[in-house]
There are 2 protein chains.
Amino acid sequence: MVRNARKDALENRARIVEAARQEIASSNTTELRLNAIAREAGVGQGTLYRHFPTREALLVEVYRQEVDELVELAPRLLEGAEPVDALARWFDRVAEYARVKRGVLAAVEASVSRDLTTHSLGPIGDALTVLLHAGKTAGQVRDDVDAGDVIILIGYLSRLDEDEWDRRAHRLLRVILDGLRHR
Amino acid sequence: MVRNARKDALENRARIVEAARQEIASSNTTELRLNAIAREAGVGQGTLYRHFPTREALLVEVYRQEVDELVELAPRLLEGAEPVDALARWFDRVAEYARVKRGVLAAVEASVSRDLTTHSLGPIGDALTVLLHAGKTAGQVRDDVDAGDVIILIGYLSRLDEDEWDRRAHRLLRVILDGLRHR
DNA sequence: CGAAGAAGCGGACACGTGTCCACTATATCG
DNA sequence: CGATATAGTGGACACGTGTCCGCTTCTTCG
């Protein structure tokens, strides 16, 4: 991360992420007991919190691969489809992740909304910005929304219970998409 | 609440609600330290939790008046306006409450989404159902949404930071409204 | 009215979170 | 290479939550 990081610091960091990954994999639940992870990683609480100030920061790291995939998917979709359709497909992919790896969206949402004001939306926000911009340029997406707005709106995905998912997740994404359309 | 309630139980219940109300009034924050309220009300933790199993249950009680107002507003709006416009105005009113009395919507949202499956959406959900039904009948609102959907979508209001409010709250309500429109 | 049983009470407890700070290991520089 | 400043460590702690259960108080019924 930083230039002159200490060797043990990096090791600890890696060990924490690994412990978190395993914890998530084994318990397949959204819950994450931070202190348990610290224990499993063989570090103190303080160490964990210094490396990852918030639970979300840790989740972002754990799901980095998934996040990266979403990010690089956006421009690819734009090449092969109308902007609004690209957005729709991107939504579908987000939903897929949100369903299987519940932590992904929760992490993104929380970390983004934390500094919505700072205009730094993180990688996911940037990907969304690209999609929205294309949509606006093509006159398919309303002009008065930004990536932050959309992340706020689709945030419900991370709060949906498993048993409501099938009935609501995709339908509500379509409602939001229609709301985003230029009229 | 129940028929044969014990006198002291009712007193305690009232005292808890009163303590909560004061706590909210004085600290004007969304936070609510349940144990502090129990202490102020002069009851044990157990007592508080028996009367109000969840933090939301307590908030609903605290904001009962506001909730009632929202409920009886819905049919009144329908008398004087097109269904979609009534819905829009009702949204505005919800936003107003969500801004000033942050707890209202948080409570409603949480308590509703807790038993979305049981088809009991609570009073607010019922009010919304009326609005949506009128809109669908008039062909102004899409047929494939229910009150639960809408509550989920507008739930972002209770999560918006004060400083993002002005920029996003109403705009996003309009986006949602557009998404709900029949097309 | 007094006994009995049920409804309600309340505080101790187990657990998780996040902070703080005295200590330790590491990188750097003379 | 050894001194030293400092980044990094880890665990104790203060706090909040929610549960559990032995005890108390109310109500009811003979």
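In what follows, every chain begins at residue 1, and chains take the letters A, B, ... in the order their sequences are listed.
Atom CG of Asp149(B) and atom CG of Asp144(B) lie 8.0 Å apart (nearest 0.5 Å).
Residue-environment remark: CZ (Arg15(B)) exceeds the threshold of 12 foreign heavy atoms within 6.0 Å. Within 6.0 Å of NE2 in His133(B) there are 12 or fewer heavy atoms belonging to other residues, nucleotides or ligands.
For the pair Arg15(B) CZ and dG8(C) C1', the interatomic distance rounds to 13 Å; values are reported in whole Å. One atom, CZ of Arg50(B), and another, C1' of dA7(C), lie 9 Å apart when rounded to the nearest Å. With rounding to whole Å, Asp8(B) atom CG is found 12 Å from dG10(C) atom C1'. In this entry the distance linking CG of Leu10(B) with P of dT25(D) reads 18 Å, nearest Å. Regarding Lys7(B), its NZ atom lies at a distance of 15 Å from the C1' atom of dT28(D), rounded to whole Å. Separating the CZ atom of Phe52(A) from the C1' atom of dG10(D) is a distance of 16 Å, rounded to the nearest angstrom. Spacing between atom CZ of Arg6(B) and atom P of dT28(D) amounts to 11 Å, rounded to whole angstrom units.
One finds no side-chain N or O of His51(A) lying less than 4.0 angstrom from the OP1 or OP2 phosphate oxygen of dG8(D). Within the 4.0 Å cut-off from OP1 or OP2 of dT9(D), at least one side-chain nitrogen or oxygen of Asn12(A) is found.
Remark: side-chain polar atoms of Tyr97(A) are not paired, donor with acceptor, to backbone N or O of Gly103(A) under 3.5 angstrom. Between the side chain of Lys101(A) and the backbone N or O of Glu96(A), no donor-acceptor pair lies under 3.5 Å.
Comment: Glu61(B) engages Arg64(B) in a salt bridge, judged by a side-chain N to carboxylate O separation of less than 4.0 angstrom. A salt bridge links Asp166(B) with Arg99(B): the distance from a Lys NZ or Arg NE/NH1/NH2 to an Asp or Glu carboxylate oxygen falls below 4.0 Å. The pair Arg181(A)-Asp178(B) fails the salt-bridge criterion, with no side-chain N (NZ, NE, NH1 or NH2) lying under 4.0 Å from an Asp/Glu carboxylate O. Salt-bridge formation is not detected for the pair Arg76(A)/Glu79(A): no Lys NZ or Arg NE/NH1/NH2 atom is positioned less than 4.0 Å from an Asp or Glu carboxylate oxygen.
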Could you list all N or O pairs between the protein and nucleotides 15-20 of chain C that sit under 3.5 Å apart?
residue: dG16(C); atom: OP1; partner: Arg33(A); partner atom: NE; Å: 3.2
residue: dT17(C); atom: OP1; partner: Leu32(A); partner atom: O; Å: 3.2
residue: dT17(C); atom: OP1; partner: Leu34(A); partner atom: N; Å: 3.4
residue: dT17(C); atom: OP1; partner: Arg55(A); partner atom: NH2; Å: 3.1
residue: dT17(C); atom: OP2; partner: Leu34(A); partner atom: N; Å: 3.1
residue: dT17(C); atom: OP2; partner: Asn35(A); partner atom: N; Å: 3.4
residue: dG18(C); atom: OP2; partner: Tyr49(A); partner atom: OH; Å: 2.9
residue: dG18(C); atom: O6; partner: Gln45(A); partner atom: NE2; Å: 3.0

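Rounded to 10°, the helix from dC1(C)-dG30(D) to dG30(C)-dC1(D) has 10° between the axis fitted to its first five pairs and the one fitted to its last five.
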